[in-house]
Amino acid sequence: MRKMAKQYDILFRLLMLGDSGVGKTSMLRRFTESEFESSHISTIGVDFKMKTLEIDGIKVRVQIWDTAGQERYKTITKQYYRRAQGIILVYDITSESSFQHISKWVGDVDEFAPHQVQRILVGNKSDEQSNRQVPLEQGAKLATSYGMDFFETSASANRNINESFTRVAELVLQAHKSDIDNLIGSLDEYLDRVALGRNHPAHR
Ligand SMILES: Nc1nc2c(ncn2[C@@H]2O[C@H](COP(=O)(O)OP(=O)(O)OP(=O)(O)O)[C@@H](O)[C@H]2O)c(=O)[nH]1
């Protein structure tokens with residue numbers, strides 16, 4: 001049987017978190033299907049979509065898990081943190097409370113996601129300037145305090161959507177590369193030690 005050529009080099013799992021209604025599903029649909037809908041159908045539990053990106057000549061397949069923001073799905077959604085390599089924390093620039101809750105989402109990430117997970121902060125609905133409740137600087141400041149990159153996006157106007165998903169994938173790729181470098185470094189060191197052992201007088 002002929003094997004099908006592999007369509008990508010590496011697969012990463014990303015997770016979207018944030019209050020209900022901030023636009024997680026809309027961002028994901030815009031990114032993967034170039035579509036936007038103005039109705040809000042709350043995600044039930046979790047859902048995912050895939051997309052392949054090319055970063056530094058590497059075909060990166062991203063599996064993006066879209067979680068329900070509603071509290072009642074917490075038990076289900078928390079089970080997905082563990083396998084995430086990148087996390088997009090989303091608030092809505094027209095909702096002060098969704099911004100206030102970011103610290104709570106970060107707390108959950110610290111508790112349930114792997115220690116080395118890459119995180120970015122996103123303030124969505126940047127097209128809604130007249131209803132803005134969270135100044136851009138406040139979002140940027142919070143992101144800095146957590147050591148995260150920050151974007152204001154609009155799923156409806158297609159602003160910074162590609163940029164934010166690509167950025168988190170880039171961060172995961174960089175972290176992955178440095179893991180591999182460290183592994184190769186340790187292996188080199190080990191092989192050196194073995195070779196030295198062989199050359200040791202006792203082994204001659
Ligand atoms: N103006 C504007 N509206 C948006 C934008 N993104 C999403 N919306 C609207 O906000 C509402 C909620 O969007 P969803 O994508 O369903 O929100 P969610 O975060 O996935 O919500 P849950 O699944 O309940 O957690 C919908 O009515 C969207 O049309 C945006 O960038 N600008």
Side-chain angles (χ1 to χ4, degrees), residues 12-51 62-84 86-113 117-140 142-143 146 148-169:
F12 291 146
R13 280 188 203 85
L14 309 179
L15 187 71
M16 305 188 70
L17 297 176
D19 281 7
S20 177
V22 296
K24 300 178 294 297
T25 305
S26 306
M27 289 176 63
L28 188 53
R29 281 204 70 188
R30 169 63 80 189
F31 181 56
T32 57
E33 291 155 23
S34 305
E35 276 173 21
F36 177 78
E37 264 172 46
S38 48
S39 58
H40 177 199
I41 302 160
S42 269
T43 303
I44 299 171
V46 286
D47 194 6
F48 80 91
K49 292 198 191 303
M50 312 273 289
K51 183 157 171 155
V62 283
Q63 189 179 63
I64 310 163
W65 291 86
D66 174 23
T67 63
Q70 288 177 19
E71 191 68 31
R72 67 176 125 148
Y73 298 115
K74 262 282 160 67
T75 335
I76 306 172
T77 56
K78 274 184 183 156
Q79 298 174 23
Y80 290 81
Y81 287 47
R82 197 162 50 84
R83 297 180 72 194
I87 292 185
I88 302 167
L89 291 146
V90 188
Y91 68 89
D92 170 353
I93 68 146
T94 71
S95 157
E96 175 70 33
S97 65
S98 73
F99 181 69
Q100 295 298 339
H101 291 158
I102 288 294
S103 62
K104 182 186 68 88
W105 290 108
V106 170
D108 286 350
V109 170
D110 289 344
E111 196 173 346
F112 301 106
V117 77
Q118 303 296 311
R119 310 162 307 172
I120 65 162
L121 182 66
V122 167
N124 189 42
K125 307 197 188 178
S126 67
D127 56 293
E128 292 249 17
Q129 286 304 327
S130 54
N131 295 320
R132 181 190 279 277
Q133 288 185 1
V134 186
L136 179 102
E137 303 72 41
Q138 224 175 305
L142 184 69
Y146 287 125
M148 295 183 205
D149 279 7
F150 172 65
F151 294 88
E152 275 200 351
T153 61
S154 167
S156 76
N158 194 13
R159 229 176 276 145
N160 269 346
I161 297 292
N162 277 326
E163 287 80 354
S164 35
F165 283 102
T166 304
R167 182 62 188 143
V168 73

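Just follow the structure's listing: the first ligand is 1, and inside any ligand the first atom is 1. When a residue number appears, it is its place in the shown sequence, counting from 1. All values below were derived from every heavy atom in this structure, side-chain atoms included, with hydrogens, water molecules and symmetry-related copies excluded.
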Looking at ligand 1, does any of its N/O atoms fall within less than 3.5 Å of an N/O of [X]?
X      : answer
Ser126 : no
Gly69  : yes
Thr153 : no
Gly23  : yes

Can you check whether [Y]'s main-chain N or O pairs, donor with acceptor, with [X]'s side chain at less than 3.5 Å?
X      : Y      : result
Arg30  : Ser156 : yes
Lys24  : Asp19  : yes
Asn124 : Val22  : yes

### Query
Phe31 ring centre to Lys51 NZ or CZ under 6.0 Å, with the angle to the axis within 45°?
yes
Any idea which atoms of ligand 1 are less than 4.0 Å away from a heavy-atom of [X]?
X      : value
Ser42  : 23 (O), 24 (O)
Phe36  : 3 (N), 4 (C), 5 (C), 6 (N), 7 (C), 8 (N), 29 (O)
Glu37  : 28 (C), 29 (O)
Glu128 : 1 (N)

### Query
Nearest heavy atom to atom 25 (O) of ligand 1: which of Lys24, Met16, His40, Arg159 does it belong to?
Lys24
#### Entry: Selection from Glu152, Lys125, Arg30, Met27 by shortest heavy-atom distance to atom 3 (N) of ligand 1
Lys125
### Task
Establish, from distance only, whether the side-chain atoms of Thr43 and Thr25 form a donor-acceptor pair under 3.5 Å.
yes
### Message
Assess, by modelled atom type and distance only, whether the side chains of Asp92 and Ser98 contain a donor and an acceptor separated by less than 3.5 Å.
### Response
no
### Query
Which is it for Ala157 and ligand 1 at heavy atoms under 4.0 Å: side chain, backbone, both or neither?
neither
### Message
Please work out, at 4.0 Å between heavy atoms, whether the side chain, the backbone, both, or neither of Val90 comes within that distance of ligand 1.
### Response
neither
Quick one: nearest non-hydrogen protein atom to [atom], plus distance?
atom                    : value
atom 27 (O) of ligand 1 : Ser38 O, 2.7 Å
atom 21 (O) of ligand 1 : Gly21 N, 2.9 Å
atom 32 (N) of ligand 1 : Asp127 OD1, 2.7 Å
atom 31 (O) of ligand 1 : Ala155 N, 2.8 Å
atom 7 (C) of ligand 1  : Ser26 OG, 3.2 Å

### Query
Between Asp110 and Arg119, is the closest basic N to carboxylate O distance under 4.0 Å?
yes
### Message
Can you confirm whether more than 12 heavy atoms, excluding those of Ile44, are under 6.0 Å from its CD1 atom?
### Response
no
### Query
Do Leu17 and Asp108 have side-chain heavy atoms sitting under 4.5 Å apart?
no
### Query
Considering residues at least two apart in sequence or located in another chain, which fulfil the ring-ring contact (aromatic ring centres under 6.0 Å, His included) criterion with Tyr73?
none
### Task
Kindly write out the residues that satisfy ring-ring contact (aromatic ring centres under 6.0 Å, His included) with Phe150, not counting sequence neighbours, or none if the list is empty.
none
